[in-house]
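Everything below concerns the one structure shown next.
Since this is a predicted model, take the numbers as computed values, not measurements.
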Amino acid sequence: MDSHQLRLFELKLAEIYNQTEWIQYEIDLSGFIALFPIEFKNDIPQRPDMPEDFDLDRTTRLAIMVAYREAFS
């Protein structure tokens with residue numbers, strides 16, 4: 001596990017959080033980051049699933065997937 005990549009992903013999630021006002025009213029930053037845990041299988045990071053209990057719009061979902069790809073590519 002590369003802690004640098006994990007931290008980069010968390011920073012990118014924080015950027016998404018700070019740019020999306022409605023999310024800030026719904027949940028705090030640490031709770032938002034916790035919605036997207038990174039699990040490793042054979043030392044390879046697995047793409048996080050989108051939370052079922054927190055409704056995200058399409059733009060935010062895409063931004064999260066881009067953040068994952070940028071952090072773990």
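- Open room surrounds CZ on Arg69; 12 or fewer heavy atoms of other groups in view lie less than 6.0 Å from it.
- Between the CD1 atom in Ile44 and the CZ atom in Phe72 there is a gap of 12.5 Å [rounded to 0.5 Å].
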For residues 29-42, which side-chain donor-acceptor pairs fall under 3.5 Å, sequence neighbours excluded?
from	atom 1	to	atom 2	distance (Å)
Ser30	OG	Asp28	OD2	3.3

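- Using a 4.0 Å cut-off between charged side-chain N and carboxylate O, Glu15 and Lys12 make no salt bridge.
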Can you give each donor-acceptor pair under 3.5 Å made by side-chain atoms of residues 48-59, sequence neighbours left out, with the distance rounded to 0.1 Å?
from	atom 1	to	atom 2	distance (Å)
Asp57	OD1	Thr60	N	3.0
Asp57	OD1	Thr60	OG1	2.4

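- In this structure, Ile16 CD1 and Leu11 CG are separated by 11.5 Å, a value rounded to the nearest 0.5 Å.
- In the hydrophobic cluster analysis, where Ile, Leu, Val, Met, Phe, Trp and Tyr join through side-chain heavy atoms closer than 4.5 angstrom, Leu62 is grouped apart from Tyr17.
- Ile64 contributes atom CD1, which lies 7.0 Å from atom CZ of Phe9 (distance to the nearest 0.5 angstrom).
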